A.B. asks: 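Would you mind keeping the following structure in view while I ask a few things?
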Protein chains: 2
Amino acid sequence: MVTISDVAKLAGVSVSTVSRVINDNPHVTPQKRQAILNAMNELGYAPLQAARQLRGSGTETIAVVVPEIVNPFFSYLVDTIERVIDEKGFKTLIIQTFGQKRNELNALNLLKVNQVDGVILCAIENDFETIKAYLTYGKIAVCNEYVNDETVSMIYGNQFEGIRQGTQYLLSKGKRRIAYCTGRRGIMMQPRGVNFDSDRYLGFIKALQVQQLSFDPELLFTNAHTIDDGKRILQQIRTLSAPPDAVVAGSDEVATGIVSEAVKSGLQIPDQLAVLGVDDQPLARYLQYPLTTIRQPIKAMGHKVAEVLLNEIKHPETKTSREMLDLKIVPRKSA
Amino acid sequence: MVTISDVAKLAGVSVSTVSRVINDNPHVTPQKRQAILNAMNELGYAPLQAARQLRGSGTETIAVVVPEIVNPFFSYLVDTIERVIDEKGFKTLIIQTFGQKRNELNALNLLKVNQVDGVILCAIENDFETIKAYLTYGKIAVCNEYVNDETVSMIYGNQFEGIRQGTQYLLSKGKRRIAYCTGRRGIMMQPRGVNFDSDRYLGFIKALQVQQLSFDPELLFTNAHTIDDGKRILQQIRTLSAPPDAVVAGSDEVATGIVSEAVKSGLQIPDQLAVLGVDDQPLARYLQYPLTTIRQPIKAMGHKVAEVLLNEIKHPETKTSREMLDLKIVPRKSA
DNA sequence: AAACAAAAAGAAATCGATTTCAAGAAAGTG
DNA sequence: CACTTTCTTGAAATCGATTTCTTTTTGTTT
């Protein structure tokens, strides 16, 4: 292994001077700087991360935290984010929480032990007060989710408006009894703008209200994540005495499960049951019933959050950003 | 930050003794060990990775290297691998190469600078001799791909047999003029068993040979990765004076693109053109033409490679493994 | 040209762990 | 009981960088 002192020796200077050129300290004469640069090149020297970390200098690394990478929404989000981080010469650490608080805390802990300069959370598992405590150790930015707090930057989609428009679209097709699926265990009502899930739900309710419709709680389905959850939900729907004529599925996976099981049961899509997805996954348009779905601004979101965080790292005094991006309904065959 | 000396102070011993219990050194009396454990608990102490790395002790971290995580094949592979690594109390570093040699070398370099104990390569970008050079610094295992070399463990699917059976399936449906798509720039012929791509191609040719058919090089399409590549390929196919009656698409994405464009052109699937995918992605069965495809043993492969590598790390004298797993054809509608 | 400020460069301390070495305590042997 | 041998333990060196403190060199001003 070639170390800083090897470089110093070859360049005929002290290690301190080498360290100065590594860290862009101005107090080095151009000749020595060049000599050192040459030596570094000749030896193929790269500073050892561990040693730098130990002294508490920057790591030029960002941790990107997602629930699970097999979800295309998150894999595309990570992809976009990583490309921006790369571009700026930083490194990326992809971390999966699998929905567990402990894993999210481990990721945040990387700030404390100086393994990363910043963390991008693409979901929130812990209480936000707990998360905020880590701001002492480094920068944090939140992407996709949001809470009512100005201390960290948040870039997210306008869930309220997206779901409202999607629901309105269903209503415009003459649907009147619309079911609603959510990934969470239940709906926790919040004022508008403070929380991802409740915003979606508020958007849904809002669209109904405009048509003076009220929501039948029998049509609320929770814990909906996978294709199989979708299938399960359709089975539950079939047992209802007054079944819905449309469903806001909450994700393309769930929508796919619902549609596939509905077809199997002989229901006409979208006449007897219209199904609205969310995300617009790459394959959504190639499905048996190409999904009508609400596209999330993944690229813009990833781009923006990475840029904002990197900027905060470079200029620590920058004040935090909060940006809301539009979702877009993509009409196809399922609704 | 709580350090090892804080623990030492509280427990009333020296740092050396604390270090001993951290590293399971037997030469510590049970009483002191307990006192130290208590102190560690009370202070919520965790050793700083950077400091350990600096001294060259184990990091209990594995780097998993994939071309790109947006490809579901790789995201599911990573998922399986990470779960095993987790289970054994190790940490996972997910690294994307985006197909670039430089990024793969950076990942391998983590071994040199002691940031990881092992690397799992789920694809190979560099010359294998270059990769082998890193074995001095830690363990390497290869998953999915393979080369003719016994110095590192390799767990992979039987590509030859998988594609052979798939092609045979097409032949059994009466197809006689079969096109072949590959992700690489071209086909480099190798003896059987030494290389992923050439094995696939050999399996394809083998199936043709059994029927005394030869392959028309006009039907070879290279650089096929995405849905759009599939669409492009179908356009090229349409310009052929003697078009194929079936395609081995090389991946579900490419198959999806071919099918979608074929339908648009009014071709009958599978009668006029049968399309065979590879991978069996989650949505493959829900497509407009549910894909007939060759399923890869992702779970078994991920499981096995992680176990093998972790075992080699724990018992460095273990000799390397080489295991071949079966692919399985999944007949649906596209062929 | 003398006096002083600013810039450049090196020596040594430091970060938080592990590891070597040496010393002291306990246990085993004849 | 004297003498090894084996266990425990702690002090100090070490890993490879950064950073503080000093010293030396250079530049500016009168």
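Each chain gets a letter, A, B and so on, in the order the sequences are listed, and its residues count up from 1. Note: hydrogens, waters and symmetry copies are ignored here, and every other heavy atom, side chains too, is used. Since we're looking at a predicted model, the values are computed, not measured.
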A.B. asks: Within the 4.0 Å heavy-atom criterion, would you say B:Val13 contacts the bases, only the backbone, or no part of the nucleic acid?
C.D. replies: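 Touches sugar-phosphate only.
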
A.B. asks: A:Leu135 and side chain to side chain contact (heavy atoms under 4.5 Å, CB included): which single residue from A:Leu111, A:Val152, A:Leu108 fits?
C.D. replies: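 It is A:Val152, the one option of A:Leu111, A:Val152, A:Leu108 that forms the side chain to side chain contact (heavy atoms under 4.5 Å, CB included) with A:Leu135.
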
A.B. asks: Regarding B:Glu307 and B:Asn311, do their side chains bring together a donor and an acceptor under 3.5 Å, going by distance alone?
C.D. replies: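 Judged by distance alone, the side chains do not pair up.
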
A.B. asks: Do NZ/NE/NH1/NH2 and the carboxylate oxygens of B:Lys304 and B:Glu323 come within less than 4.0 Å?
C.D. replies: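 A salt bridge links B:Lys304 with B:Glu323.
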
A.B. asks: Say whether, by atom type as modelled, one donor and one acceptor occur between the side chain of B:Asn103 and the main chain of B:Thr97 under 3.5 angstrom.
C.D. replies: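 Side chain of B:Asn103 to backbone of B:Thr97, a donor-acceptor pair under 3.5 Å: yes, one is there.
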
A.B. asks: In whole Å, what is the span from the CD atom of A:Gln115 to the P atom of C:dG16?
C.D. replies: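 The distance from CD of A:Gln115 to P of C:dG16 comes to 14 Å, rounded to the nearest Å.
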
A.B. asks: Kindly write out the residues that satisfy side-chain hydrogen bond (donor to acceptor under 3.5 Å, both in side chains) with A:Glu312, not counting sequence neighbours, or none if the list is empty.
C.D. replies: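 A:Glu312 satisfies side-chain hydrogen bond (donor to acceptor under 3.5 Å, both in side chains) with A:Ser153 only.
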
A.B. asks: Can you list every side chain to side chain donor-acceptor pair (under 3.5 Å) pair that touches residues 109-128 of chain B, not counting sequence neighbours?
C.D. replies: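 Side chain to side chain donor-acceptor pair (under 3.5 Å) check on residues 109-128 of chain B returns B:Thr59-B:Asp117, B:Glu104-B:Asn126.
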
A.B. asks: Given side-chain contact (heavy atoms from CB on, under 4.5 Å), test B:Val64 with B:Ile95 step by step and report yes or no.
C.D. replies: CA-CA 6 Å; B:Val64 181; B:Ile95 297 179; over 6 Å; no

A.B. asks: Quick one: bend of the helix from C:dA1-D:dT30 to C:dG30-D:dC1 from 5 pairs per end, to 10°?
C.D. replies: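 About 30° separates the two local helix axes.
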
A.B. asks: When you look at A:Thr320 and A:Thr151, which way does the side-chain contact (heavy atoms from CB on, under 4.5 Å) test go after all the steps?
C.D. replies: CA-CA 7 Å; A:Thr320 61; A:Thr151 52; 5.9 Å; no

A.B. asks: Kindly state which residues belonging to residues 24-54 of chain A come within less than 4.0 angstrom of DNA chain C, counting heavy atoms of the residue only, listed by number.
C.D. replies: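 By residue number: A:Pro26, A:His27, A:Val28, A:Thr29, A:Lys32, A:Leu54.
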
A.B. asks: Is a side-chain N or O of A:Ser57 found less than 3.5 angstrom from the main chain of A:Gln53, in a donor-acceptor match?
C.D. replies: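 It does not hold such a pair.
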
A.B. asks: May I ask you to decide if B:Pro316's main-chain N or O and B:Lys139's side chain share a donor-acceptor pair within less than 3.5 Å?
C.D. replies: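 Yes, because the side chain of B:Lys139 sits within donor-acceptor range (under 3.5 Å) of the backbone of B:Pro316.
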
A.B. asks: Within the distance-only criterion (no hydrogens, no angle test), does the side chain of A:Asn23 pair as donor or acceptor with the backbone N or O of A:Ser19 below 3.5 angstrom?
C.D. replies: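 Yes.
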
A.B. asks: Report, one pair per line, the protein and nucleotides 19-23 of chain D atoms (nitrogen or oxygen only) whose separation is under 3.5 Å.
C.D. replies:
{"unit_1": "D:dT19", "atom_1": "O4'", "unit_2": "A:Arg55", "atom_2": "NH2", "d": "3.2"}

A.B. asks: Expressed as a whole number of angstroms, how long is the span from B:Glu60:CD to C:dT18:P?
C.D. replies: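 Taking atom P of C:dT18 as the reference, CD of B:Glu60 is at 11 Å.
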
A.B. asks: Of B:Thr17 and A:Met1, whose nearest nucleotide on DNA chain D comes first from the 5' end?
C.D. replies: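 Nearest nucleotide further toward 5': that of B:Thr17.
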
A.B. asks: Kindly give the atom pairs (protein nitrogen or oxygen, nucleotide nitrogen or oxygen) under 3.5 Å for nucleotides 26-28 of chain C.
C.D. replies:
none

A.B. asks: Rounded to whole angstrom units, what separation is found between the CG atom of B:Asn114 and the C1' atom of D:dA17?
C.D. replies: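 Distance check: B:Asn114 CG to D:dA17 C1' gives 15 Å.
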
A.B. asks: Starting at CZ of A:Phe74, measure out to CD1 of A:Ile81 and round the result to the nearest 0.5 Å.
C.D. replies: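 It is 10.0 Å, given to the nearest 0.5 Å.
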
A.B. asks: Cation-pi between B:Arg322 and B:Tyr156: NZ/CZ under 6.0 Å from ring centre and within 45° of the ring axis?
C.D. replies: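 No, B:Arg322 and B:Tyr156 do not form such a contact.
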
